[in-house]
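Okay, structure first, notes after.
Residue numbers count from 1 along this sequence.
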Amino acid sequence: QVQLVESGGGLVQPGGSLRLSCAASGFTLDYCTIAWFRQAPGKEREGVSCISTSDGSTYYADSVKGRFTISRDNAKNTVYLEMNNLKPEDTAVYYCAKGPPFVTTATWSIPRVYDYWGQGSQVTVSS
């Protein structure tokens, strides 16, 4: 069955870096979108970044542009989120999710667009 497993979270100081991994099983990264969302305590889940394996399109939230990079490794069936220059406001549980083959600028960050979710990985940015 479809499964997404996140890893790579942890505690990092402000200005530091982390790389999150989203290992997919039960399907191949050939014709879908994989997105990263995050949710901080008391806040709504928000879209961080998305990649369409169908056409290679990528999307980023304004708050992470220039700091985060999404990529995929088809051989490992894994999507990555490289996070640099981390800030305390990046602290959250990060989730990856599988969605339809194509999304748009208007739809990529809407949680209900995605039908499968991982269990989440905690990222804490603190000194």
Side-chain angles (χ1 to χ4, degrees):
Q1 72 276 20
V2 172
Q3 193 171 12
L4 300 167
V5 179
E6 303 97 335
S7 61
L11 173 64
V12 64
Q13 293 186 342
S17 299
L18 283 174
R19 188 178 77 160
L20 300 180
S21 300
C22 174
S25 60
F27 69 101
T28 59
L29 296 177
D30 289 334
Y31 200 61
C32 65
T33 52
I34 300 293
W36 287 96
F37 285 78
R38 67 187 181 187
Q39 189 165 20
K43 294 188 176 181
E44 293 188 353
R45 191 166 296 191
E46 66 169 340
V48 175
S49 182
C50 173
I51 185 167
S52 169
T53 63
S54 308
D55 61 10
S57 299
T58 57
Y59 304 84
Y60 295 94
D62 288 343
S63 59
V64 306
K65 279 181 182 176
R67 301 188 298 123
F68 290 13
T69 303
I70 193 169
S71 63
R72 72 182 191 267
D73 184 333
N74 288 348
K76 295 183 178 180
N77 221 37
T78 299
V79 171
Y80 302 99
L81 185 68
E82 185 76 34
M83 306 185 293
N84 297 315
N85 190 21
L86 283 161
K87 305 175 181 180
E89 51 263 41
D90 295 317
T91 295
V93 177
Y94 284 70
Y95 301 89
C96 63
K98 174 183 177 290
F102 300 98
V103 291
T104 69
T105 301
T107 64
W108 76 267
S109 59
I110 301 174
R112 68 175 183 271
V113 167
Y114 301 86
D115 47 6
Y116 293 95
W117 292 79
Q119 82 289 349
S121 182
Q122 176 70 47
V123 171
T124 303
V125 184
S126 174
S127 54

- Message: For Thr78, give me all partners under side chain to side chain donor-acceptor pair (under 3.5 Å), at least two apart in sequence or on another chain.
- Response: none
- Residue set satisfying side chain to side chain donor-acceptor pair (under 3.5 Å) with Asp73, at least two apart, ordered chain then number -> none
[X], [Y]: one ILVMFWY side-chain cluster at the under-4.5 Å cut-off?
X: Tyr80; Y: Val12; answer: no
X: Ile51; Y: Val103; answer: no
X: Phe37; Y: Met83; answer: no
X: Leu11; Y: Leu18; answer: no
X: Val123; Y: Val64; answer: yes

Identify the heavy atoms of [X] and [Y] that sit nearest to each other, and give their distance.
X: Thr28; Y: Asn77; answer: CA-OD1, 3.5 Å
X: Trp108; Y: Thr105; answer: CD1-O, 3.4 Å
X: Tyr114; Y: Cys50; answer: OH-SG, 3.6 Å
X: Val125; Y: Thr91; answer: N-OG1, 2.9 Å
X: Ser126; Y: Pro14; answer: C-CD, 3.6 Å
X: Ala61; Y: Gly47; answer: CB-O, 3.4 Å

I'd like to know if the side chain of [X] and the backbone of [Y] have a donor-acceptor N/O pair within less than 3.5 Å.
X: Gln119; Y: Val5; result: no
X: Tyr59; Y: Ser52; result: no
X: Thr53; Y: Leu29; result: yes
X: Thr69; Y: Glu82; result: no
X: Thr33; Y: Pro100; result: yes

- Item | Sequence-distant partners of Cys22, disulfide (SG to SG under 2.5 Å), two or more places apart | Cys96
- Task: Show your working on side chain to side chain contact (heavy atoms under 4.5 Å, CB included) between Leu4 and Tyr95 and close with a plain yes or no.
- Result: CA-CA 9 Å; Leu4 300 167; Tyr95 301 89; over 6 Å; no
- Query: What class does the angle between the rings of Phe102 and Tyr31 fall in, given that below 30° is parallel, 30 to 60° is tilted and above 60° is perpendicular?
  - Reply: perpendicular
- Lys87 vs Asp90, salt bridge (Lys or Arg N to Asp or Glu O under 4.0 Å): CA-CA, chis, key distance, verdict: CA-CA 5 Å; Lys87 305 175 181 180; Asp90 295 317; over 6 Å; no
- Message: I'd like to know whether Arg38 forms a side chain to side chain contact (heavy atoms under 4.5 Å, CB included) with Leu81, so could you lay out the CA-CA distance, the side-chain angles of the two residues, the decisive distance to 0.1 Å, and finally the verdict.
- Response: CA-CA 12 Å; Arg38 67 187 181 187; Leu81 185 68; over 6 Å; no
- Sequence neighbours left out, what passes ring pair (Phe, Tyr, Trp, His ring centres under 6.0 Å) with Phe27? Give chain and number order. none
- Query: Is it true that Trp36 and Phe68 have ring centroids separated by less than 6.0 Å?
  - Reply: no
- Item | Partners passing salt bridge (Lys or Arg N to Asp or Glu O under 4.0 Å) against Lys43 (at least two apart in sequence or in another chain) | none
- Any side-chain hydrogen bond (donor to acceptor under 3.5 Å, both in side chains) involving residues 14-24? Give me the pairs, sequence neighbours left out, ordered by first then second residue. Ser17-Asn84
- Message: Exactly one of Arg45, Glu6, Lys98 should register a side-chain contact (heavy atoms from CB on, under 4.5 Å) with Trp117. Which one does?
- Response: Arg45
- Is Glu44 atom CD crowded by more than 12 heavy atoms from other residues, nucleotides or ligands, each under 6.0 Å away? no
